[in-house]
Amino acid sequence: MKNKHLHFATRTIHAGYDPHQNHGALTPPIHTSSTFAFNTVEQGGDAFAGENDHYIYSRLGTPSQQQLEQRLADLEGSEAALVTASGMGAITSAIWSLVQAGDEIIADKSLYGCTFSFFEHGLKKFGVTVNYMDLSKPQFLTEHITKRTKLVYTESPSNPNMRLVDIAAVADITRQHGIKFMVDNTFCTPYLQNPISLGAHIVVHSATKYLGGHGDLIAGVVAGSAEDLLHIRQFGLKDMTGAVISGHDVALLMRGLKTLHVRMDRHCENAQKVAEYLNESPYIKQVDYPGLNGFSQAELAKKQMRQPGGMLAFELQGDRAQAAAFVNQLQLILCAVSLGDTESLIQHPASMTHSTYTEEELIAHLISPTLLRLSVGLEHIDDIIADIDQALESVFNGGSGNKELSVFA
Ligand code: 7XF
């Protein structure tokens, strides 16, 4: 099926899977087989040599995995895609394939905690140096590039503080220098942003988040050129990480994707309202949300994101103890890591997702120790705001809170 003329909403439901090739089944079959039988030794040998497309062993792919990968490549606008057992499986499989001892990576200052930990405590042990810079100022990138630089890496928006990087500007510079540029597109999903169409070489995702959408799976995605993806699959995934997704998670992810556009529209709508509410509150010091007019990178957000997303970061007036008291007082919004689920989830990065950073590293990497991160869910907006309101009143005015907002009350 050629999909170029079809809208995103249609492709997220149909791309990569033809029911008529599968007994008319609308839902793709789940392939759980670990191995695939050959008719002859010669056929098996040719499969291993890459001279036919017979399935071999599920660490190298299955029919259902391939359908999902075609759908994801279609949505990201890439030649190829690879699904993995986790977002970290995607990031590590891709990066192990692209670098070797002596190479350098330039990464943006703010990164998800385990990505930072992989760079600091993983790659560095094997002789790969990671240098951090503020990639929101791409005009300074060139001066950080050396002849050893192999890769530039960023999230946009970044986890947890919602800083954006001008993807097209960084892509231009990396192309001039023959360096790969990898973007973690988890917060946006391909519905809101397509880094490859902006010039990036490789996109990674934690599919655990919005792509799956229901908090019931762990998975990751790598998207990029067919050549890069073949290398990442056959070397990074097959030999280095073995981070292979299970057939059951392929099916859950395929199901989640079918409603991605509908969920994202509502996540964005709800997040915009929550951000505006927080922005008006006397108890809030700062709100970082790309949809606010006062957002420091509002113009860039409009340039590269179709909508501002479902994630926001904010700081209360007050100290870390008050921030914790606020979270503890929430009734409906759950205190949990992860994001992009139907439930609204709030967490304190310095204690949780970014606890891999020391106190000094948090400051150096622009992550305030009092920052809270909210993944705005799909509950009714009035209930979400009422919950925030009662928790703020309780912390700042000694209110008794509103237990009626708890579904367990
Ligand atoms: O291996 P995972 O599927 O959990 O994905 C890793 C990952 C990669 N990139 C970004 C931007 C991520 O946010 C994540 C996972 N982040 C969760 C969070 O920030 O809440 C993990 C919970 S500790």
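Read the numbers this way: they start at 1 and go in the same order the structure lists the ligands and their atoms.
- Side-chain contact between K180 and T174 is absent, with no heavy atoms from C-beta onward closer than 4.5 Å.
- Aromatic ring pairs are classed by plane angle as parallel below 30°, tilted from 30° to 60° and perpendicular above 60°; the pair H365 and F116 is perpendicular.
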Check the pair F235, W96 against ring pair (Phe, Tyr, Trp, His ring centres under 6.0 Å), reporting the backbone distance first and the verdict last. CA-CA 8 Å; F235 185 62; W96 284 131; 9.7 Å; no

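- At a threshold of 4.0 Å, the pair K147-E104 does not count as salt-bridged, since none of the basic side-chain nitrogens sits closer than that to a carboxylate oxygen.
- When F119, F181, F118, Y112 are each tested for a ring-ring contact (aromatic ring centres under 6.0 Å, His included) with Y153, only one passes: F119.
- The pair E227-R233 fails the salt-bridge criterion, with no side-chain N (NZ, NE, NH1 or NH2) lying under 4.0 Å from an Asp/Glu carboxylate O.
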Between the protein and ligand 1, are there any N or O atom pairs that come within less than 3.5 Å of each other, and if so, what are their names and distances?
unit_1, atom_1, unit_2, atom_2, d
ligand 1, 1 (O), G87, N, 3.0
ligand 1, 1 (O), M88, N, 2.9
ligand 1, 3 (O), G87, N, 2.8
ligand 1, 3 (O), S206, OG, 2.8
ligand 1, 3 (O), T208, OG1, 2.6
ligand 1, 5 (O), S206, OG, 3.1
ligand 1, 9 (N), D184, OD2, 2.6
ligand 1, 13 (O), N159, ND2, 2.9
ligand 1, 16 (N), K209, NZ, 3.0
ligand 1, 19 (O), N159, ND2, 2.9
ligand 1, 19 (O), R373, NH1, 2.8
ligand 1, 20 (O), S338, N, 2.7
ligand 1, 20 (O), R373, NH2, 2.8

